[in-house]
Asks: 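Handing you this structure, nothing more for now.
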Amino acid sequence: MRPVGEDIAPLGESLGRVLAQTLQSPVDVPPFDRSLVDGFALRASDTAQASEAAPLRLRLNGEQIACGYAPRLEVACGTATLIATGGPIPRGADAVAMVEQTDPDGSDGVLVRRSAAPGQNIGFAGSDIALGETLLRRGGVIGSREIGILAACGIARIPIYRRPRVAVVSTGDELVQPGEPLRPAAIYDSNAPIIAAAISENGGEALVLGAVADDEAALEAVLRDALARCDMVILSGGTSKSAGDLTYRVIARLGSPGVIAHGVALKPGKPLCLAVADGKPVVILPGFPTSAMFTFHDFVVPVLRAMSGLTARDEVAVEATAAVRLLSDIGRTEFVMVALTRGENGLNAFPLGKGSGSVTSFAQADGFVTIDALADGLAQGARTKVTLFDPDVKISDLVIMGSHCVGLEAVLDFLSARGVSVRSIAIGSQGGLSALKRGECDIAPIHLLDPRTDIYNAPFLSDDLILIEGWRRMQGLVYRPGDSRFEGRSPVAAVAAALADPGCLMVNRNSGAGTRLLIDNLLGDARPGGYWNQPKSHNAAAAAVAQGRADWGVAIGPVAQAYGLGFLPLREEHYDFAIARRALEAKPVREFLAALRAGDVLRRLRDAGFAPASAPDQTGAASCE
Ligand SMILES: Nc1nc2c(c(=O)[nH]1)N[C@H]1C(S)=C(S)[C@@H](COP(=O)(O)OP(=O)(O)OC[C@H]3O[C@@H](n4cnc5c(N)ncnc54)[C@H](O)[C@@H]3O)O[C@H]1N2
Ligand code: MOO
């Protein structure tokens, strides 16, 4: 691929553009020898004997050289001319004495108290940039510093590469643009904005054409228009197997040679479709956001950079240890998105396990691990190469892994405002505890109920860990307000009413969740409709009830409040923090402990419906070992 074309930009509009030609300086900078100080231009040889004890008198010439003044008089032997910083050195002079090292002597003389060396205090012509010197090379990106160099050489019209115009089209009836209200069953179009931004980051100019419904004629019209106006077209969605996946059929008839590849043995990326229509690349990225972005970076970025005249991106990789087993399908080369943390034995790589359908797997990853098509994964503890998305990846000061709670955001905001960077990875209470025991994180937020002792969290700690109490979250039965089966009843009476109604559907929780034990207690041996619907979070349970896919479930108060649900309180859950004893003195951990008892944080927690574990005191957060 070649750059799509060249253009001329005025200097003031060249920021961020790619230089299309190597540029030489048409002038010397500075253009003439100039004084670097306020003082007297003179002949150095005249001053050889000058000293504090025996100052030398020079006769003043009848002109004063200011900046921008072209001198007319020669500095002859035994004379000097008053000169300002930046003033052109007059003929005959070869040095400048600083004004501080001289004294006036009558109206036409000056006493020089120190001898001057030839060249002293003179900036010579071309000493900054010499005529003909290479300034900037083709393919370089123009930043503010480059603009300074170009301006100093008087270059006002900058040869730049034209930015390739890339049309961005999303497909799918379900897509709604950010800023619009979300109707039922719809989702926000995240692919188009992220692709448009990535196009700009790689030298292109995005033309976002919005989301097109799954309609063959409409799609064809949009694509023909896009091809007429742009150098490349990027679509996302509608390339996989379902009946609605008509995009690639449309692409096939847009121009020759048409579809070059449809389907690649990569994960993510399987349904990728690459085509060329009369010389213009047309790419259909998978609809799943992480798949779309990953394939964009892998397949589109190299082409786009070549079209915009940019050099290829450096691929920077680091060594890391697989912190948990990385799973992979046999038969496809798999790219596992990972977060990097610093452990006791160097970097650890954690899979961001939300899959290709999530946007965060890609957007929050530091890089990826490549697993061969013939391997079924990578063992825990294996050393592996992590290719970085950003070569300047910053490893966080503090790593928190375990159960996520919206209340934690108050703590994280507080830390961020104090300059502590935190990587928080939601892997559940048990996952967090295991990571903590392996030394892979600093803090594990947990809410585990020991059914034997009926005590939260403490029974799960080993001797090397201590527990810092966080906050309590009231769990309760949630229902849509106004539902007479629940409203105004006790939780037990409400569940009895639900069980008596065969049409009433519940939403359960995953086994192992503390909340699940509460539900089991309420149900006894009953297995009502919905029992096998077992999502893994309070939010998913509340969303099911709020959207009418279930009639009741159990969730924490703040979540019920956020979804506008009715709430019958059951029992408080303890959300606490397990910390390695030996890490307690580390500065970021101390900052975290301070955040837990900061007034702002406590206020925000209470406002959101959480009950901080105990009143803060001077000696530190309440702790129990
Ligand atoms: N039976 C099969 N089903 C699927 C297969 C398969 O081989 N057999 N492949 C899976 C894989 S792998 C991927 S990746 C996805 C990609 O499917 P499509 O490229 O056809 O994309 P859609 O079906 O249109 O959408 C998938 C998913 O992504 C959401 N989406 C689409 N566009 C956007 C957008 N602009 N912003 C945000 N989210 C978007 C869409 O709503 C769907 O949820 O297919 C698997 N299925
Ligand atoms: O190829 Mo899909 O992109 O596996 O997620």
Side-chain angles (χ1 to χ4, degrees), residues 166-180 182-199 206-216 218-219 222-223 226 233-252 259 261-275 282-300 326-337 351-365 368-373 376-377 543:
V166 185
V168 180
V169 181
S170 299
T171 64
D173 295 334
E174 77 281 21
L175 299 178
V176 170
Q177 294 310 305
E180 302 290 316
L182 210 51
R183 47 174 201 275
I187 62 161
Y188 284 120
D189 179 0
S190 60
N191 288 352
I194 192 171
I195 291 166
I199 287 169
L207 181 68
V208 179
L209 297 178
V212 183
D214 294 321
D215 171 89
E216 202 153 333
L219 188 62
V222 168
L223 291 184
V233 179
I234 308 277
L235 293 110
S236 70
T239 168
S240 199
K241 298 274 191 314
S242 89
D245 297 334
L246 45 86
T247 330
Y248 92 101
R249 293 205 306 272
V250 176
I251 300 286
V259 175
H262 183 207
V264 288
L266 303 177
K267 181 178 180 176
K270 183 170 66 175
L272 179 73
C273 178
L274 303 171
V282 180
V283 179
I284 318 177
L285 302 172
F288 277 166
T290 283
S291 306
M293 281 323 298
F294 190 80
T295 46
F296 179 87
H297 280 266
D298 217 30
F299 289 87
V300 182
L326 304 184
L327 297 171
S328 146
D329 287 351
I330 290 186
R332 291 203 273 165
T333 300
E334 185 152 340
F335 306 102
V336 181
M337 307 302 134
L352 289 167
K354 292 188 185 172
S356 321
S358 78
V359 67
T360 50
S361 291
F362 182 84
Q364 294 176 350
F368 61 90
V369 173
T370 307
I371 301 180
D372 192 83
D376 64 352

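Note that ligands are numbered from 1 as they come in the structure, with each ligand's atoms numbered from 1 the same way.
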Asks: Between ligand 1 and P268, can you find any atom pair, the residue atom being a heavy atom, that is separated by under 4.0 Å?
Replies: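 No, P268 has no heavy atom closer than 4.0 Å to ligand 1.
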
Asks: D329: what forms a side chain to side chain donor-acceptor pair (under 3.5 Å) with it, not counting sequence neighbours?
Replies: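 For D329, the residues satisfying side chain to side chain donor-acceptor pair (under 3.5 Å) (neighbours in sequence not counted) are K267.
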
Asks: Look up atom CZ in R332 and atom CD1 in I371, then write down how far apart they are to the nearest 0.5 Å.
Replies: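 It comes to 13.0 Å.
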
Asks: I need the S236 OG to I195 CD1 distance, nearest 0.5 Å.
Replies: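 S236 OG to I195 CD1: 4.5 Å, rounded to 0.5 Å.
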
Asks: Applying side chain to side chain donor-acceptor pair (under 3.5 Å), name anything that partners T171, two or more places apart in sequence or on another chain.
Replies: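 Result, side chain to side chain donor-acceptor pair (under 3.5 Å) vs T171: none returned.
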
Asks: Under 4.0 Å from a heavy atom of S170: which atoms of ligand 1 are those, numbered in the order shown and with their elements?
Replies: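 With S170 as reference, the close atoms of ligand 1 come out as 35 (N).
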
Asks: What is the minimum heavy-atom distance between R183 and L175, and which atoms define it?
Replies: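 It is NH2-O, 4.1 Å.
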
Asks: Are the side chains of I199 and F296 in contact, using a 4.5 Å heavy-atom criterion?
Replies: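 Contact flag for F296/I199 side chains = yes.
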
Asks: Which part of E174 is near ligand 1, with near meaning a heavy atom under 4.0 Å away: side chain, backbone, both or neither?
Replies: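 Near ligand 1, E174 shows its side chain, while the N, CA, C and O stay back.
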
Asks: Before signing off on this row, confirm whether G287 and ligand 1 have an N or O atom pair separated by under 3.5 Å.
Replies: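 Such a contact does occur with ligand 1.
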
Asks: State the atoms of ligand 1, each with its element, that fall below the 4.0 Å cut-off from a heavy-atom position in P271.
Replies: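 Within the 4.0 Å cut-off of P271, ligand 1 contributes 13 (C), 14 (S), 16 (C).
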
Asks: Please assess T295 against V283 for the test side-chain contact (heavy atoms from CB on, under 4.5 Å), listing each intermediate value before the final yes or no.
Replies: CA-CA 10 Å; T295 46; V283 179; over 6 Å; no

Asks: Have a look at ligand 1 and work out which part of L175, if any, has a heavy atom under 4.0 Å from it: side chain, backbone, both or neither.
Replies: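 Near ligand 1, L175 shows its side chain, while the N, CA, C and O stay back.
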
Asks: For a 4.5 angstrom cut-off between non-hydrogen side-chain atoms, does L235 reach L219?
Replies: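 Of all side-chain heavy-atom pairs linking L219 with L235, at least one is under 4.5 Å.
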
Asks: Side chain or backbone, does S291 bring an N or O within less than 3.5 Å of an N or O on ligand 1?
Replies: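 The answer is no, given that S291 and ligand 1 share no N or O pair closer than 3.5 Å.
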
Asks: Any heavy-atom pair between the side chains of V359 and Y188 that's under 4.5 Å?
Replies: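 No, too far: nothing below the 4.5 Å cut-off.
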
Asks: Does any part of the side chain of V166, heavy atoms only, come nearer than 4.5 Å to the side chain of V300, both counted from C-beta?
Replies: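 No, their side chains stay 4.5 Å or more apart.
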
Asks: Heavy atom of S190 under 4.0 Å from ligand 1?
Replies: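 A heavy atom of S190 does come that close to ligand 1.
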
Asks: Within a strict 4.5 Å, meaning less than it, do heavy atoms of the D372 and T333 side chains meet?
Replies: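 No; the side chains remain at least 4.5 Å from each other.
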
Asks: Please could you name the atoms of ligand 1 that D189 approaches to less than 4.0 Å, counting only its heavy atoms?
Replies: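 Every atom of ligand 1 under 4.0 Å from some heavy atom of D189: 34 (C), 35 (N), 36 (N).
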
Asks: What atoms of ligand 1 come within less than 4.0 Å of a heavy atom belonging to Y188?
Replies: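 Per the distance check, 36 (N), 37 (C).
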
Asks: Using side chain to side chain donor-acceptor pair (under 3.5 Å) as the criterion, list what pairs up with S358, not counting sequence neighbours.
Replies: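 Listed in chain order: S361.
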
Asks: Check ligand 1 against S236 and write out every atom of the ligand that is under 4.0 Å from a heavy-atom position of the residue.
Replies: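 Taking each heavy atom of S236 in turn, ligand 1 has 35 (N) under 4.0 Å.
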
Asks: Identify, by atom number and element, the atoms of ligand 1 in contact range of I187, meaning under 4.0 Å from any of its heavy atoms.
Replies: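 Here the atoms of ligand 1 in question are 37 (C), 38 (N), 39 (C), 41 (O).
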
Asks: What does the list of residues with a heavy atom under 4.0 Å from ligand 2 look like, ordered by chain and number?
Replies: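 The 4.0 Å shell around ligand 2 contains K267, P268, G269, K270, P271, F288, S291, R332, S356.
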
